[in-house]
Amino acid sequence: MVGKEVGVSRWIEVDQKRIDQFADVTEDWQFIHVNPEAAAKTPFGSTIAHGFLTMSLMVPMSYEVLPGIKGRTMGVNYGLDKLRFLAPVKSGKRVRGRFVLKEFTRKSPTQVLLKHEVTVEIEGEDKPALIAEWLGMSFIG
């Protein structure tokens, strides 16, 4: 499967309630995220999701589309090699993830490291919200 697209997730709505809840959890209440009146006066024209909120949605997207590994007992987030935020996600928009397996590396008899290129697309827009190289460690047996 290396080099192949392994899945495309369903669309997930990024509404203002989700943005506000993320702001509360992360204590990032910058007006561009949580103040619709002030944000309307910016070039974006509305509030936008935090980049890290958009990135965090890769988790439910991955649960939905990544194929299982025979004998896998656990998987952990191993980090990112690359992350670029390319376009803002305006409140009310929907996003989905497109996953391509870039690398599969056996680290030990019981561990494999997978690198996926993830493109988070914004419904109805040409430019994606982000592109990331995401690492996951799977434990086998």
Side-chain angles (χ1 to χ4, degrees), residues 1-108 110-141:
M1 301 272 315
V2 173
K4 298 188 184 310
E5 183 173 273
V6 294
V8 179
S9 76
R10 66 182 166 84
W11 292 104
I12 298 174
E13 184 176 0
V14 183
D15 60 11
Q16 192 60 49
K17 180 180 177 184
R18 186 185 298 260
I19 294 168
D20 291 343
Q21 289 173 332
F22 190 85
D24 288 342
V25 168
T26 60
E27 299 184 13
D28 180 356
W29 298 288
Q30 185 183 52
F31 81 93
I32 195 67
H33 305 302
V34 298
N35 186 327
E37 294 79 26
K41 298 173 186 169
T42 70
F44 301 122
S46 71
T47 54
I48 60 171
H50 304 72
F52 286 153
L53 167 55
T54 305
M55 180 194 72
S56 71
L57 292 174
M58 293 183 338
V59 174
M61 293 170 183
S62 72
Y63 290 155
E64 186 179 321
V65 302
L66 293 184
I69 297 174
K70 187 176 181 180
R72 178 180 158 178
T73 57
M74 178 178 68
V76 295
N77 183 352
Y78 204 66
L80 299 158
D81 273 351
K82 177 182 168 185
L83 173 64
R84 295 291 180 266
F85 298 112
L86 302 174
V89 177
K90 294 181 179 182
S91 178
K93 284 291 204 168
R94 296 192 322 162
V95 296
R96 71 176 177 190
R98 187 173 297 277
F99 292 75
V100 174
L101 180 61
K102 298 299 279 185
E103 295 178 19
F104 180 98
T105 307
R106 184 164 292 280
K107 301 301 266 183
S108 77
T110 60
Q111 294 180 357
V112 293
L113 182 65
L114 296 100
K115 180 189 287 190
H116 287 92
E117 180 181 86
V118 184
T119 303
V120 176
E121 302 172 333
I122 306 168
E123 188 174 36
E125 297 189 21
D126 293 332
K127 200 172 203 181
L130 67 83
I131 296 177
E133 289 182 357
W134 190 18
L135 304 172
M137 184 71 74
S138 289
F139 295 83
I140 314 298

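Nearest heavy atom pair, residue L101 against residue V6, reads CB-CG1, 4.1 Å. Scanning all heavy atoms of the two residues, the minimum distance from P60 to L57 falls at CD-O, 3.1 Å. Shown here for L80 and M55, the closest heavy-atom pair between the two residues is CD1-SD, 3.6 Å. Between V65 and G7, the shortest heavy-atom contact is CB-CA, 3.9 Å. Heavy-atom minimum distance, K127 versus I122: O-CD1, 4.0 Å. E125 and P88 get closest at one heavy-atom pair: OE1-O, 4.5 Å.
Contact of the V112 side chain with the T105 side chain is not registered, since no non-hydrogen atoms from C-beta on lie closer than 4.5 Å. Taking the side chain as every heavy atom from C-beta outward, Y78 and L113 approach each other to under 4.5 Å. Side-chain contact check for M137 versus M74: every heavy-atom pair is 4.5 Å or farther apart. Within the 4.5 Å cutoff, no side-chain heavy atoms of K90 are placed close to those of V14. Looking at heavy atoms from C-beta onward, I140 lies in side-chain contact with I69 at the 4.5 angstrom threshold. Within the 4.5 Å cutoff, no side-chain heavy atoms of V118 are placed close to those of I131. You'll find the side chain of P128 stays beyond 4.5 Å of the side chain of V120, heavy atoms only. The closest side-chain heavy-atom distance from F52 to F22 is below 4.5 Å.
Residues R10 and E64 are paired through a salt bridge, judged by an N-O separation under 4.0 Å between the basic side chain and the carboxylate. Using a 4.0 Å cut-off between charged nitrogen and carboxylate oxygen, R98 and E121 count as a salt-bridge pair. In summary, E13 and R94 do not engage in a salt bridge, as defined by a charged side-chain N under 4.0 Å from a carboxylate O.
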Side chain to side chain contact (heavy atoms under 4.5 Å, CB included) assessment of V8 paired with F99 | CA-CA 6 Å; V8 179; F99 292 75; over 6 Å; no

Start with the C-alpha gap between W134 and M58, add the side-chain angles, then the distance that decides, and say whether side chain to side chain contact (heavy atoms under 4.5 Å, CB included) holds.
-> CA-CA 9 Å; W134 190 18; M58 293 183 338; 3.7 Å; yes

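To the nearest 0.5 angstrom, N77 atom CG is 11.0 Å from S56 atom OG. Within the model, atoms CZ of R106 and OG of S138 stand 10.5 Å from one another, a figure rounded to the nearest 0.5 Å. Atom-to-atom distance recorded for T119:OG1 and L86:CG is 8.5 Å, nearest 0.5 angstrom. Atom OG of S9 and atom CG of L66 lie 10.0 Å apart (nearest 0.5 Å). The distance from the NZ atom of K102 to the CG atom of L135 is 13.0 Å, given to the nearest 0.5 Å.
A donor-acceptor contact closer than 3.5 angstrom is absent between the side chains of W29 and N35.
Remark: H33 engages H50 in a ring pair (Phe, Tyr, Trp, His ring centres under 6.0 Å) (not counting sequence neighbours).
The environment of F85 atom CZ is dense: over 12 non-hydrogen atoms of other residues, nucleotides or ligands sit within 6.0 angstrom.
Considering H116, R84, K115, E103 as possible partners of E133, the one that fulfils the side-chain contact (heavy atoms from CB on, under 4.5 Å) test is K115.
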List, one per line, each side-chain donor-acceptor pair under 3.5 Å for residues 37-47, sequence neighbours excluded.
{"unit_1": "T42", "atom_1": "OG1", "unit_2": "A39", "atom_2": "O", "d": "2.7"}
{"unit_1": "T42", "atom_1": "OG1", "unit_2": "F44", "atom_2": "N", "d": "3.3"}
{"unit_1": "T47", "atom_1": "OG1", "unit_2": "Q16", "atom_2": "OE1", "d": "2.4"}

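S91 places no side-chain N or O within donor-acceptor distance of the main-chain N or O of I48, the cut-off being under 3.5 Å.
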